[in-house]
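One structure is given below, encoded as structure tokens.
Just so you know, these numbers come straight off a predicted model, no measurement behind them. Letters A, B, ... mirror the listed sequences (proteins, then strands); counts begin at 1. Hydrogens, waters and symmetry mates play no part in the numbers below; they use all other heavy atoms, side chains included.
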Amino acid sequence: MTDSTNNSLEARPLDFIRQIISEDLRSGKHQQIVTRFPPEPNGFLHIGHAKSICLNFGIGLEHGSPCHLRFDDTNPSKEESAYVESIKKDVQWLGFDWGENLFYASDYFDRLYDCAIQLIKMGKAYVCELSADEIRAYRGTLTEPGQESPYRDRTIGENLDLFEQMKNGACAEGSKVLRAKIDMSSPNLNMRDPVLYRILHVAHHRTGDKWSIYPMYDFTHSISDAIEGITHSLCTLEFEDHRPLYNWFLDTLQTDCHPRQIEFARLNLTYTVMSKRKILQLVQGDYVKGWDDPRMLTISGLRRRGYRASAIRKFCADIGIGKKESWIDMSVLENAARDDLNESAPRVMAVLNPLKVIIDNYPPDQIEELEAQNHPQRPELGSRRLPFTRELYIEREDFMEEPAKKFFRLGPDREVRLRYGYFIRCVSVVKDAATGEITEIHCTYDPETRGGSAPDGRKVKGTIHWVSALHAIQCPVRIYDRLFVTANPDADKNIDFKDHLNPQSLTILENCMLEPMLAKAQAGEQFQFERQGYFCTDLIDSKPGAPVFNRTVTLKDSWINT
RNA sequence: UGGGGUGUCGCCAAGCGGUAAGGCACCGGGUUUUGAUCCCGGCAUUCGUAGGUUCGAUUCCUUCCACCCCAGCCA
């Protein structure tokens, strides 16, 4: 099994980035490669980040080369150390290891400052006192060139002096910025004298109040990559326009290392939103219960939902890497979870919506123990014993008083198999006189069919799950569904994406009846509830002896589609 | 109307001048004490468009079309 998994992985063709890397190694351009995952600690990681993590760390694993984890912490007004911790936890949980290579852009603030001084001395940077609005106005438009700032031709000495003042906290926020002197008429707006440093009188979660100026992304990122000896700097498509600027910094400063920036398409998934801004709105507006709400496609939400890291890695491998703006169907993610859990999750019986069954001809005080396999395809996972008694619960959906045409389950005078139990036949139905609701059904069992097969060879169309009423444990099960009802919640700019929220994304079932061994389930343990889906005990809300279950994903169901 | 990108099956995605891999989804059939899994089979004479080069083009050239990104002192 492991072999076939490896083979299929090896058989997978290389994506365009891995092709470039292979060629760089083959040609001798690089002896070793170094990649990096550079998150900004301003939120939790989500499935889109997982794509980048699997790419960067995956390449590292494939080549026995390092992949750095570097926090791009240059905007203290939005960043927190709590996010740093959650990001480290999630990357680790996904199964990746940065080893000694944990870095922060803020560690480079001194060197970045030196680079800025260097640019000023080269006449390639200047202190500009235009306001933010003026800078925008001077930048020009997409079709018209910009105008040069009146401060553009200050002397080097003047610039040095003013930048020093900015650094010392002598200037008000917004009063000055340091800008690169490139080309105000460049068709690429990023080259129109981009801002390098802005004044921010904000304490930084790592450097405290040492700085009152903070470097901007483009400047910081390119130099940080060079400092760390990154060979391939992988980022998403929207940075394509920034590549000339990335290169300009490294060329102008003549750094020893000049990484190659390569852009790939970010992940879009149907029935969800991926932007941090929107995810933050869902959290802060209490549309979900926190960053790790199991409906969220954050790494922590998926973990709580019951996804294993291996499922997320498989998903990332399945979707590939390209430059085309793509929308991956949610079913691909769900399928990755099923595939992964099908192999590993022990099978168990759980009745979500109980209907009492009384077996009239079963001795009232008798308790039998019936053997059930933990995983029919993997006998090495062993078996367990299930108590069988006169009163049971079955799934309400498994009984129809007037069975539909292809309904294989229980109905009046119909016989079905209780999984690992007996064949039972329904003999009568009891209803609530007032509501007409079925309150219990009476059946008879065939003692000859113990274990589930008939000596006379007769067949039965359906096998249903059950649980002994006397022994079942009652506990809540949370049924999660997709968070949005439309495939692309933010397709229409005139409609708030939150209007597409699925009101049924969470249903809490309070009196589910589960087989007794589940009382001992450990937090985070995954199971297959036979014929229902994959479920796990909630990491947060489960108490010892009182588990709370979350539905990770349903089983495929060809009946429901008929 | 400036610049940068992208267009191969419903959704992803291989293909790198020699006659369209694979996954998801879907549809058949088989096995099955989970209507699950598993197993077989089907699923683009066609690669955004129109031309050109070539014995031969999804792959090279040109035209046009469509879509995405860029005017933060965010990343």
Response to the item:
Comparing A/Gln19 with A/Arg136, nearest RNA chain B nucleotide closer to 5' gives the residue A/Gln19

Worksheet entry | A/Phe16 vs A/Glu79, nearer the 5' end of RNA chain B by closest nucleotide | A/Phe16

Worksheet item: Do the side chain of A/Asp318 and the base of B/G23 come within less than 3.5 angstrom through a donor-acceptor pair of N or O atoms?
Response: no

[N] phosphate, OP1 or OP2: any side-chain N/O from [X] under 4.0 angstrom?
| X | N | answer |
| --- | --- | --- |
| A/Asn335 | B/A25 | yes |
| A/Arg266 | B/C68 | no |
| A/Arg12 | B/G22 | no |

Below 3.5 Å is the cut-off: list the nitrogen or oxygen pairs between protein and nucleotides 5-11 of chain B, distance only.
from: B/G5; atom 1: O2'; to: A/Glu240; atom 2: OE1; distance (Å): 3.4
from: B/U8; atom 1: OP2; to: A/Lys324; atom 2: NZ; distance (Å): 2.6
from: B/C11; atom 1: O3'; to: A/Trp327; atom 2: O; distance (Å): 3.3
from: B/C11; atom 1: O2'; to: A/Trp327; atom 2: O; distance (Å): 2.5

Discussion item. Going by the rule side-chain contact (heavy atoms from CB on, under 4.5 Å), which residues pair with A/Ser212 if we only count those two or more places apart in sequence or in a different chain?
Written reply: A/His201

Worksheet entry | A/Pro489: partners by side-chain contact (heavy atoms from CB on, under 4.5 Å), with sequence neighbours left out | A/Val273, A/Phe484, A/Thr486, A/Phe497, A/His500

Sugar-phosphate, base or nothing in reach of [X], heavy atoms under 4.0 Å:
| X | answer |
| --- | --- |
| A/Met216 | sugar-phosphate |
| A/Ser186 | nothing |
| A/Phe239 | base |
| A/Arg139 | sugar-phosphate |
| A/His242 | base |
| A/Leu178 | nothing |
| A/Ile321 | sugar-phosphate |
| A/Arg417 | base |

Discussion item. With a 4.0 Å cut-off on N to O distance, would you call A/Arg18 and A/Glu62 a salt bridge?
Written reply: yes

Item to complete: Determine, stepwise, if the pair A/Arg154 / A/Glu129 fulfils salt bridge (charged side-chain N to carboxylate O under 4.0 Å, His left out).
Response: CA-CA 11 Å; A/Arg154 293 215 232 239; A/Glu129 291 175 65; 2.5 Å; yes

Discussion item. Taking only the C1' atom of each, what is the distance from B/G17 to B/U59 in whole angstrom?
Written reply: 6 Å

Fill in: C1'-based separation of B/C16 from B/U8 [nearest Å]
14 Å

Worksheet item: Quick one: side chain to side chain donor-acceptor pair (under 3.5 Å) partners of A/Gln373, sequence neighbours excluded?
Response: none

Item to complete: Write down the distance between CD (A/Glu343) and C1' (B/U34), rounded to a whole number of angstrom.
Response: 17 Å

Extract all donor-acceptor atom pairs below 3.5 Å that involve side chains of residues 144-151 of chain A and protein atoms in other chains or at least two apart in sequence.
from: A/Glu144; atom 1: OE1; to: A/Thr141; atom 2: OG1; distance (Å): 3.1
from: A/Glu148; atom 1: OE2; to: A/Arg152; atom 2: NH1; distance (Å): 3.3
from: A/Ser149; atom 1: OG; to: A/Tyr151; atom 2: N; distance (Å): 3.0

Item to complete: Do nucleotides 35-44 of chain B as a string where each nucleotide becomes B, S or -: B if the base has a protein heavy atom under 4.0 Å, S if just the sugar-phosphate does, - if no protein is that close.
Response: BBB-------

Practice prompt. Look through every strand shown and name the nucleotide pairing with B/U6 as Watson-Crick or G-U wobble, where both distances are under 3.5 Å.
Written response: B/A66

